[in-house]
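To start, the structure itself, in structure tokens.
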Amino acid sequence: MQSRRWFGGAGFSFADDPVTETLSQAIRGTGEELDREPDTGVLFGSLRGSVVGLRYYTGVVNKGEMVSLVRQPQNPYDRNAVMVANVYGSQVGHIKRELAVLLANIMDNNLARVEGVVPFGVTNQFTMSVVLSFWGREENRDAVVRQITSRSFKLQSGPTGTHTHMLTQLKNAFDNLFENLMEDKIGEREAVEAVCTPLLPHQKQALSWMCVSENNAALPHFWEVKGKLFYNTLTHSSVRERPQRVRGGILADDMGLGKTLTTIALILSNFHHGKPLCEPVISQSVSHTQTDKQTNGQSHTLTSDVKLNVYLYYGSERNRDTHFLSSQHMVLTTYNVLSADYSVSGGWVCGSASPLHTVSWLRVVLDEGHIIRNPNTQQSKAVLKLNTQRRWILTGTPIQNNLRDLWMLVAFLRLKPFDVREWWNRVIQRPVTQGDKTGLQNLQALVKCVTLRRTKTSRVCGRPLVSLPERSVRIEEVELTQKEREEYELAHTEGRTTISRYVAEGTVLRNYADVLAILVRLRQFCCHPGLLGKTTTHTGVVAVTPAELRERLIMKLRLVLGTGSDEECAVCLDSVRLPVITHCAHVYCRPCIAEVIRSEQEQARCPLCRGQIKASELVEFPLEEEEESNLLENWRSSSKVEALMSSLLRLRSEDDSIRSLVVSQFTRFLTILEIPLREEGFKFVRLDGTMSQKRRAQVIQEFQSDAPGSPLIMLLSLKAGGVGINLSAASRVFLMDPAWNPAAEDQCVDRCHRLGQKRDVVITKFIVKGSVEENMVKIQRQKQDLVEKAFGTKNPSERKTSRVDEIRALMEL
DNA sequence: ACCGCCATTGAGA
DNA sequence: GTTGATGGAGGAG
């Protein structure tokens, strides 16, 4: 039995030693409180104070170093005691008594956060200076200032004014946080023979980098060796013992570059002491998502001479025996299982503790790591508590939205000392959000030292990383027939009058659902009239009976998102999940709006129109699929259907080995398309969001198979499936209707334009001439320039106003 | 006698 | 390279 203890001596250990735990917990605790109170703090000012009692403690601090102030209400000598600790959590001393009275008052009443910086280097073994700065909400400023001055301390006002002019510059830099990270000369490394698939050059590089990151003892470059001490240039702190290094990092290669394969190679090639993993049985773990993932035509096969124990920790019958789990080479599980186990056991309770949290792992890999980007979720908390030597995050979509998301990565990797919120907030988060350039540079340095990211277009030594076949986009304009045009124009003018009325009244936002419904209808017209379903022509909000109101709301909800279009929730600014519609006809994620209602109680108002909302009045989307049949019975074609069919027929007559993806946002449109496809004798499969994971995997496998008689066409709903589905068998993509979000289209195309693609990829976008679709394409272009992902701080109302302009452009008003 | 200046000295809560 | 208390030498009134 191997030793279970990986965390050696460093002062800031999270081992189960109760003594060290207390102090780090105290500091962590304050950090988490900060988290609850978001970055609303302004600087009230600062004052000079002194730290006393240095000689009784071991913590060292340098000139410029930040220190943490922790209240000690239980101190037997003074209930106002305020302890001073350095970045590593070692106590430095106490705040001098007279000053501590003041601080205790301010801190205990939550009037301000107090932060300390040591202005001078210290030789004195008894006392030292500390500059205390006070941060808090504007409304508390007076109280704090009064407290301070009434006790005859002098508060110096801090620098005021924010540097907004720098913000755009910073924003760009933030956008590029994950770009251009790797050009450093990293070698290549062959995988051990057990990995049958030969690695591509960039994968060998990644493997080499990962091995080095795990084995090499070198510290990140923000550590400098100064004499016998280790000096952190970001926090200006130094420690005697070599700081605990990150063993692992973030592999953030673009999707399709083979992160999973590289990681498997790593697991097999770099066991203890850089030796390959062979007979000796010690545990490893890969924490994994549920998405079935096949890889790029490179299949992960292992030669049978290696006896690899892999256990799938999943299902109610899973083996929870920790000795058994420790004996596995690899344990796979999902984030859900992990967090379920963790929350049942409460995480730290002995005895019934979560098995996965009890085992000491050699390595934990978070596949699709962006899933745990929000540190407040149970899943994330469970992941943070895993006990392991080496840590990896694999993600194809590096987090760009939010500094909080980045913190999660840093915290998981235990990138000291930033895994403690206070230091992250002080060194990175606050400086960056306040527009401090060095803050951003520090952030960049931080991310850079643990991340490898290449994109499909990255080049190494002047040569492309991977040579993917060409990809070209062509737009095929579709002319409506006379009859279709008449129908379209009728709906268009009607919609236009309605919307222009809203615009004139300035009530676009209040009637947003209506507006979207009109637009969706027009877009549906462009595809096929049958998409409209049984919608009535008018959707006024005037309702007579509650049942009637409900029926109308459901209808709107269906129009807004039941068709698969991409609407975003104004609360979380993400695509809506678990959609509900309010009585004022705005659509949100249920959890988001429920939170709003919960926190505002009776005063709860709709974030979009400020209308009153109640939890009991939220209307959900009912499940019903009856209308399908009548759609199929009286079938008629449409111009767009014809355009697609003639392309497909031509393609088949030229080369019947070429496979195609036919993509639409409207799943009903896919259903419509099935009819002519059958009629022309095409063999096809269908993949949409309603299918179970298992069924999806089946369909994908069928489509990817090159067996004779396998389908030539896949009908794909735009947003179906998680990340990482591989559809490289297809080399033609037909985008049947333009999406609001061009990124969604790109992602879709990437599913076939990826490693393993042998042919050039041709993408055809069908756009109906002289219709909303044309305008949508224009807006897509504008959108790309104006990617507002940077800080994610743009508030919903701001976003929605620009949407009003979008709508006007769409309707040519 | 007074005061600003300097060196000396000691130093949790 | 700090800070604060203290005390003494020394200059000005």
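Below, read A as the first sequence line, B as the second, and so on, with proteins coming before strands; counting in each chain starts at 1.
The residue A:Ile95 sits close only to the backbone: its heavy atoms come under 4.0 Å of sugar-phosphate atoms, none of a base.
In this structure, A:Leu69 atom CG and B:dA13 atom P are separated by 15 Å, rounded to whole Å. Rounded to whole Å, atom C1' of C:dT2 lies 15 Å from atom CG of A:Leu132. Atom CG in A:Asp78 sits about 14 Å away from atom P in B:dG12, given to the nearest Å. For the pair A:Lys96 NZ and C:dT2 C1', the computed distance is 12 Å after rounding to whole Å. Going from atom CG of A:Leu99 over to atom P of B:dA13 covers 11 Å, rounded to whole Å. The interatomic distance linking A:Glu98 (CD) with B:dA11 (P) rounds to 15 Å, in whole Å. In this structure, CZ of A:Arg71 is placed 20 Å from P of B:dG12, rounded to the nearest angstrom. If you measure from atom CE of A:Met83 to atom P of B:dA13, you get 15 Å, rounded to the nearest angstrom.
OP1 or OP2 of C:dT3 has at least one side-chain nitrogen or oxygen of A:Arg48 nearer than 4.0 Å. Phosphate proximity of C:dT2 to A:Thr127: absent, as no side-chain N or O sits under 4.0 Å from OP1 or OP2. For A:Arg55, a side-chain nitrogen or oxygen approaches OP1 or OP2 of B:dG12 to under 4.0 Å.
C:dG1 has no base stacking with the ring of A:Phe120 when judged by centroids under 5.5 angstrom apart and an interplanar angle below 30°.
Of all nucleotides present, none satisfies the Watson-Crick or G-U wobble test against C:dA9 with each distance under 3.5 Å. Across every strand in view, B:dG4 sits unpaired, with no contact that passes the Watson-Crick or G-U test at under 3.5 angstrom.
More than 12 heavy-atom neighbours from other residues, nucleotides or ligands sit within 6.0 angstrom of CZ on A:Arg245. A 6.0 Å sphere centred on CD of A:Gln74 holds no more than 12 heavy atoms belonging to other residues, nucleotides or ligands.
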(message) Working note: A:Arg242 + A:Phe230, criterion side-chain contact (heavy atoms from CB on, under 4.5 Å); need CA distance, chi angles, decisive distance, verdict.
(response) CA-CA 7 Å; A:Arg242 174 169 276 270; A:Phe230 297 90; 3.9 Å; yes
(request) Show your reasoning for whether side-chain contact (heavy atoms from CB on, under 4.5 Å) applies to A:Trp424 and A:Leu443. (result) CA-CA 10 Å; A:Trp424 169 263; A:Leu443 174 60; 3.7 Å; yes
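Looking at A:Tyr77, its side chain has no donor and acceptor atom pair within 3.5 Å of the base of B:dG12. Not a single donor-acceptor pair, N or O on each side, falls under 3.5 Å between the base of B:dA13 and the side chain of A:Asn80.
Shown are A:Val450, A:Leu409, A:Thr451; of these, the side-chain contact (heavy atoms from CB on, under 4.5 Å) with A:Ile393 is made only by A:Leu409.
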